[in-house]
Amino acid sequence: MVTAHPGARRRTPVGLLVVLAGLTAVAPLTIDMYVPGFPKMGESLHTGSSAIQLTMTAFLLGLVVGQLAIGPLSDGLGRRGLLLGGVAGYVVFSVTCMLAPSVEVLITARFLQGVAAAAGMVLARAIISDRARGPEIPRYFAVLSQIMGVAPVAAPVLGGAVLSISTWRAVFGVLCVVGVLLLISVLVKVPESLPRHRRDHGGLAGTFRAMASLARNRPFLGHGLVLGLSAAALFSYISGSSFVFENIHHVSAGGYSLIFAVNAIGMALAGGVFSRLSGRFRLNTLLVCAVVVAAAGGLAQVLSVVAFGESFAATWITLFVVLAGVGMIFPATMSLGQTIGSTAPGAASALMGGLQFACGAVASPLVGVFGEASSLPMAVIMLIALALAGLALAVLVRPGEGHGEVVPASGAETTSAPA
C-alpha cells in the first residue's frame, strides 16, 4: 500500500476543470456535429455516401493513433507543450476541412484533425491524474464522463442550427472557432502539471516501454477492456438508435432527438450518482454494480424483442438502463485504470482512450451490417459487448483483489499499488 499525504497534490481549480471538460468535449462534438450535412456534402464534393462515411472513420482512427502517440510522449516531454500543439493543430486542420476541394483531401484532413483532437482528450485525463489524489480522482473523471454523455446530444443540434443558415463547410468553421477559444483557454488556464523531476527520462524508448508494461498489467488491461467494450455498446447505440426509433417505431426526427437527449441526460445523471457514491463505497464495488445494470438492460432488450416483438416503450426503457450503467462504468474504469497506471499517467490515458475508441469504431458499423429489419442486431451487439465487459471484469480485473482502489482513511488517502 502506498500512502500519500492529503496535501501532496493541489486541488484542481474550477477554471482548469472547465477547460479540461471542454478539451474532452471536442472529440464528440467533432464526430457528430457535421453528420446532418452528410447528404449535401456528397453533392458538394461529387462523391457517394460511403466516401463521406469514411471521413468519420478517418477521424476515429486519428483519435486512436493520436492518443496512443501523444499520451506516452507527454510522460517524458510534459503536458502543456503537447497540448498547445494539439489544439493549434486542431484549428489548422479544421480550416483545412472547411476548405477541402475534394473528398480525398477531406478524409486526410479529418484523420489529422482526429490526431490533434486526441491531444485534448488524452492529456485532460493525464493532467487530472497529475494533480488529483484519492477521492478527488473519481469525482473529476465523473465530470469528464458526463461531458462525454452530453456532447453527442448537443453536437447534431448545433450542427443542424448551423446548416439551417449555411453550408456544411460552416460547421468546420464553427469547430475552428471552438479550437481557437480552447487554445486561448489553455494558454491562460492550463499550467504544466508534470514538473521535470517527475518526468520519464528514459527517452522515447523508455516512454513506450512504460506503455508496454501497462499493457501487460492484468488489472489495468481488464479495466481498459471493460471501458472499451462498454464504449462498443454505446457506439452501437449511437449508430443504430436513429434507425430503430425512426424507421421501426416511426418516431419523427424531432421525437428521436428528444429520446436521444433524455437517454444522454440519464447517462450524465448516472455519472453524477457515481461521483456522490464514490466517497462512500469501493470503486470496484460500484464498477461491478454498473456492469451488472448495463448488462441486465442489454439482456432485457434482447429478450423483449425475441419474446414480444418490437415495443417502443420496452426499447426506450431498456436502452435507458444500459446507458445509465455505462454512465457509471466510464468514470469507474477511468479512475481505477489511471490509479493503477499512476507512474505513467500519459501512457495509461493513451491506452484507456485508445481501447475506448478502437472498440467503438469496430462496433459502430456492425449494426447496419447485420440487417435493418428489426432492432435485434443493435440489441444483440450491445449485449455481446457488455457480456464481454463482464467477462473481462471477472477474469482480468478480479474486483475482489481491489487493484487501483481508492479508500479515504483517517485523513490520509490510500491507494493500492499497481500489480
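Keep in mind that this is a model prediction, so the values were computed, not measured.
Counting all heavy atoms, side chain and backbone alike, His223 lies closest to Ile340 at CD2-CD1, 3.6 Å. Taking all atoms of both residues into account, the shortest heavy-atom contact from Leu383 to Leu299 is CD1-N, 3.5 Å. Contact record, Gly228 with Cys359: O-CB, 3.1 Å, taken as the closest heavy-atom pair. In terms of heavy atoms, Val162 sits closest to Met33 at CG2-CE, 4.2 Å. When all heavy atoms are compared, the tightest approach of Ala314 to Ser304 is CB-OG, 3.3 Å. Residues Ser193 and Arg131 come closest through the heavy atom pair CB-CG, 4.2 Å.
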Verdict with reasoning, Glu310 to Ser375, per side chain to side chain donor-acceptor pair (under 3.5 Å): CA-CA 7 Å; Glu310 302 290 353; Ser375 62; 2.7 Å; yes
side-chain contact (heavy atoms from CB on, under 4.5 Å) evaluation trace for Leu63 with Ile31: CA-CA 10 Å; Leu63 269 182; Ile31 290 170; 4.2 Å; yes
Intermediate values then yes/no, side-chain contact (heavy atoms from CB on, under 4.5 Å), Val291 and Leu386: CA-CA 7 Å; Val291 171; Leu386 293 168; over 6 Å; no
Full working for side-chain contact (heavy atoms from CB on, under 4.5 Å) between Leu391 and Leu396: CA-CA 8 Å; Leu391 183 64; Leu396 296 175; over 6 Å; no
Verdict with supporting geometry, Leu23 and Val186, side-chain contact (heavy atoms from CB on, under 4.5 Å): CA-CA 9 Å; Leu23 292 167; Val186 171; 4.2 Å; yes
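Considering only heavy atoms from C-beta on, Val293 comes within 4.5 Å of Val321 through its side chain. Met121 places a side-chain heavy atom less than 4.5 Å from the side chain of Phe357. Under the 4.5 Å side-chain criterion, counting only non-hydrogen atoms from C-beta, Leu187 is in contact with Arg80. The shortest distance between side-chain heavy atoms of Leu60 and Val64 does not fall below 4.5 Å. At a threshold of 4.5 Å between non-hydrogen side-chain atoms, the residues Leu61 and Val65 count as touching. Within the 4.5 Å cutoff, the side chain of Thr30 has no heavy atoms near those of the Val178 side chain. Contact check for Ser278 versus Leu283: side-chain heavy atoms found under the 4.5 Å cut-off. Contact of the Val174 side chain with the Leu158 side chain is not registered, since no non-hydrogen atoms from C-beta on lie closer than 4.5 Å.
Phe93 CZ to Met98 CE: the interatomic distance, rounded to the nearest 0.5 Å, is 14.5 Å. Interatomic distance, Leu123 CG to Ser74 OG, rounded to the nearest 0.5 Å: 5.0 Å. The distance from the OG1 atom of Thr96 to the CG atom of Leu106 is 10.0 Å, given to the nearest 0.5 Å. Note that OG1 of Thr318 is 4.0 Å distant from CD of Gln301, once rounded to the nearest 0.5 Å. Note that CD1 of Ile259 is 8.5 Å distant from OG of Ser252, once rounded to the nearest 0.5 Å. Put simply, CG on Leu20 and OG on Ser185 are 10.5 Å apart, with the number rounded to the nearest 0.5 Å.
Taking the six-membered ring for Trp, Trp316 and Phe312 have ring centres closer than 6.0 Å. In summary, the aromatic rings of Tyr34 and Phe172 are positioned with their centroids under 6.0 Å apart.
Judged as a side chain to side chain donor-acceptor pair (under 3.5 Å), and not counting sequence neighbours, the contacts of Gln338 are Ser129. Checked against salt bridge (charged side-chain N to carboxylate O under 4.0 Å, His left out), Arg79 has the following partners two or more places apart in sequence or in another chain: Asp75, Asp130.
Results of the side chain to side chain contact (heavy atoms under 4.5 Å, CB included) test with Leu393 over Leu229, Val226, Asn284 single out Val226 as the only residue that passes. Of the residues listed (Val273, Leu277, Leu336, Ile329), the one engaging Leu286 in a side chain to side chain contact (heavy atoms under 4.5 Å, CB included) is Leu277, and it is the only one.
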Extract all donor-acceptor atom pairs below 3.5 Å that involve side chains of residues 348-356 and protein atoms in other chains or at least two apart in sequence.
unit_1	atom_1	unit_2	atom_2	d
Ser349	OG	Val122	O	2.7
Ser349	OG	Arg125	NE	2.9
Ser349	OG	Arg125	NH2	3.4

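The backbone N or O of Phe59 sits nowhere less than 3.5 Å from a side-chain atom of Arg110 that would complete a donor-acceptor pair. Between the side chain of Thr55 and the main chain of Ile52, a donor-acceptor pair closer than 3.5 Å is present.
Side-chain contact annotation: Gln113 with Ser94, donor-acceptor N/O pair under 3.5 Å present.
Aromatic ring orientation, His249 versus Phe245: tilted (interplanar angle from 30° to 60°).
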